[in-house]
Each structure stands twice: as C-alpha cells, then as structure tokens.
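The chains referred to below are lettered A, B, ... by the order of the sequence lines, with proteins before strands, and numbering in each begins at 1.
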Amino acid sequence: MPELPEMETYRNLFSHNIINKPITDVEINREKSINKPVKDFISHVQGKTISSVKRRAKHLIFELNSGQNLLLHLMLGGSMFLGEDRNSPDRTKQVILSFGDLKLYFIGLRLGYLHLLTNEELEEKMTKLGPEPLSLSLEDFDKMISKKTGGLKPILVDQKFIAGIGNCYSDEIGFEAKLHPLKKAKDLTGEQRRSLYRAIKTVLKGAIDTGGYMDHPMYEGDEKTGGYNDQRLVYEREGKNCFRCGTKIERVESSTLKSFYCPSCQR
DNA sequence: AGGGCAACCCGGACGC
DNA sequence: TGCGTCCGGGTTGCCC
C-alpha cells in the first residue's frame, strides 16, 4: 500500500505537471470517495487551479487557488495515473480531474478518499498525526520512543507516533536496525534507539530515491515507480533467504499486524 | 498505555 | 471462459 515514499513520489511528479493549470472538468464516478454532494464538489473545484501539492504522512494535499484544499488518502490499493484517455489504465476511475487533455485519474479508491476541506478542517485532521519522520530529530525521537512500552512494529505503524510508515517500510526499518519486530521499546538500549532512528531515515530516503515499492506506473513510460520492489529485504519475502545471512525470512503475526523479519539478523 | 478486534469497501485471487 | 466466494489492508473507534 502507498506509504510515505510512494506519496512523496506522486507529489514530486505533480509539482511539475499540474500546478496552476485550470481544472477544466471534474468527473465523480463514486460518490463515497468525496465528502460533499457531487454537484457542490464539482462546482467548487471546476475552474480552479492547484497552487501547490503538499504531502503530510501518507496524505497528499492539493491546495486550490480558492483557499480550500483537496485532501487525498489512497488507503489500500489506491493509485493515481497522470495521462490522457488514450493511455490511461483500463480500470475503474473513481475520480478524474481534467486539465485540458491532461487528466489525473484516481484509481482503486475503496476506503481511500478525496475530500474538499477548508484550511481549518484540514489543520484539525493533520494535527492528529505524529511528526514527519524525515524531519524528526534524534533528540525528539529518543524522547518519544523512551516513553513507549509496546512492540516496535505496532509503534512504527502508529500514525500518532510517527506519521507515514506502514507495513512494508516498518519491516524494512526493523531489518535495517537489526531489531525484532515484536521487541519491546522499553527493552531497547540507547544504541538500539539510535540505530532505529537512523534506519527510519535510511530506509525511507532510499525508497524515495528508487521510486517506492508500488507497481502501478504513474504515467505512460514510467520506469521508475516500483523500483524499490527489487530492494525489499524482508517484506513479503517469507521463506526466501535473507540477503545478509541466508536464513529463511519468517513471518510473525500479533493481533492483526503481520511482520516479516530475519530470525537470525533481528533480535 | 497497549492489545484486541470489528467495521469500512471492493479488486483481485482462488475455486469450481 | 465465467461465476461465486473470500480475503487483504490503513484507519477509526470501541472495548478491556
């Protein structure tokens, strides 16, 4: 599922392609994807321009020149495609924003949504999220993790703790830090807390640089998106050999969370 | 605070 | 091929 690096990749693309272009048409094929009556939503968005695209955790925020915002969360299975009717994926598009011939397709929105929000409404939603991992200082991280008692996996994917990390990258971070996913935060040494902090940055930055782990291209001829798929060291590699030591990768479940890890490298 | 779990939803995987 | 069934996954909210 799209996590921070995937959303950052989208943000990057959009910040070059759809800024300040008039939204000529809005098509809603799934009412549940939006938060207003279809008529109201369209009449507000149509004719406006997007003045900037920001990312917060796994959300994208399209700032409209009207002062309102479109808040996007892809949740599970959601993706976007920037292109034209002749080259767009043959899938149901829940929402389409047109910029003349260029169109932004929202695909696979099931639990995902595109909500029209005022600055105040947006602010209220965003303050519930924890800090951005890439701008978090070691001092702050150390303070936060030191207050925790639970397992590392649930802590890493908790959006109120740090926002933007999901199933895939939490496992990759655990491997990078050589820490077992169910190890309790209170049992970490100072060195292990630093190691975890560094792993968060290393893994997320590395994933952004290589295009994330998603497999849907973002535009025609897109070769970069999904480049991280080949670099996953543990996520969904159950039964395969650890690239570091050769031990078979295992999978552990606690409650509804599953984790992939190397039983030899991660303690 | 943390662990457990149900609900939300439907594309895709799987079985026949 | 086609139809039915079931599951996964991020998030929220509620329980203990």
Between [N] atom [atom2] and [X] atom [atom1], what is the distance in whole Å?
| X | N | atom1 | atom2 | value |
| --- | --- | --- | --- | --- |
| A:His115 | C:dT11 | NE2 | P | 14 Å |
| A:Leu182 | B:dG2 | CG | P | 15 Å |
| A:Leu257 | B:dC5 | CG | P | 12 Å |
| A:Lys93 | B:dC10 | NZ | C1' | 18 Å |
| A:Asn167 | C:dT11 | CG | P | 10 Å |
| A:His73 | B:dC8 | NE2 | P | 19 Å |
| A:Tyr213 | C:dG10 | OH | P | 7 Å |
| A:Arg91 | B:dG12 | CZ | C1' | 9 Å |

According to the interplanar angle, ranging from 0 to 90°, do the rings of A:Phe81 and A:Tyr105 count as parallel (below 30°), tilted (30 to 60°) or perpendicular (above 60°)?
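The rings of A:Phe81 and A:Tyr105 sit tilted, inter-plane angle from 30° to 60°.
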Relative to the 5' end of DNA chain B, which residue comes earlier, A:Ser255 or A:Gly108, by the nucleotide with the nearest heavy atom?
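Its nearest nucleotide lies further toward 5', so the answer is A:Ser255.
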How is [X] classified with respect to the nucleic acid when contacts are heavy atoms under 4.0 Å: base, sugar-phosphate, or nothing?
| X | answer |
| --- | --- |
| A:Glu31 | nothing |
| A:Gly77 | nothing |
| A:Lys160 | nothing |
| A:Lys186 | nothing |

Could you please name the option among [options] that lies closest to any side-chain atom of [X]?
| X | options | result |
| --- | --- | --- |
| A:Thr149 | B:dG2, C:dT11, C:dG8 | B:dG2 |
| A:Gln159 | C:dG8, C:dT11, B:dC9 | C:dT11 |
| A:Arg30 | C:dG10, B:dC9, B:dG11 | B:dC9 |
| A:Pro154 | C:dG8, B:dG3, B:dG11 | B:dG3 |

When A:Ile61 is tested against each of A:Leu72, A:Leu71, A:Ile50, A:Leu117 for side chain to side chain contact (heavy atoms under 4.5 Å, CB included), which residue passes?
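In the set A:Leu72, A:Leu71, A:Ile50, A:Leu117, the residue that makes a side chain to side chain contact (heavy atoms under 4.5 Å, CB included) with A:Ile61 is A:Leu71.
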Does B:dA1 have OP1 or OP2 under 4.0 Å away from a side-chain N or O of A:Lys148?
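No.
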Quick one, A:Glu253 with A:Arg251, criterion salt bridge (charged side-chain N to carboxylate O under 4.0 Å, His left out). Give me CA distance, side-chain angles, the key distance, then yes/no.
CA-CA 7 Å; A:Glu253 271 183 67; A:Arg251 171 184 144 137; 2.7 Å; yes
5'-most contact on DNA chain C: A:Arg110 or A:Lys125, nearest heavy atom basis?
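With A:Arg110 and A:Lys125 compared, the 5'-side residue is A:Arg110.
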Would you say the ring centroid of A:Tyr213 lies under 6.0 angstrom from that of A:Tyr169?
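Yes.
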Between A:Lys153 (side chain) and A:Lys258 (backbone), is there a donor-acceptor pair under 3.5 Å?
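Confirmed, A:Lys153 side chain pairs with A:Lys258 backbone.
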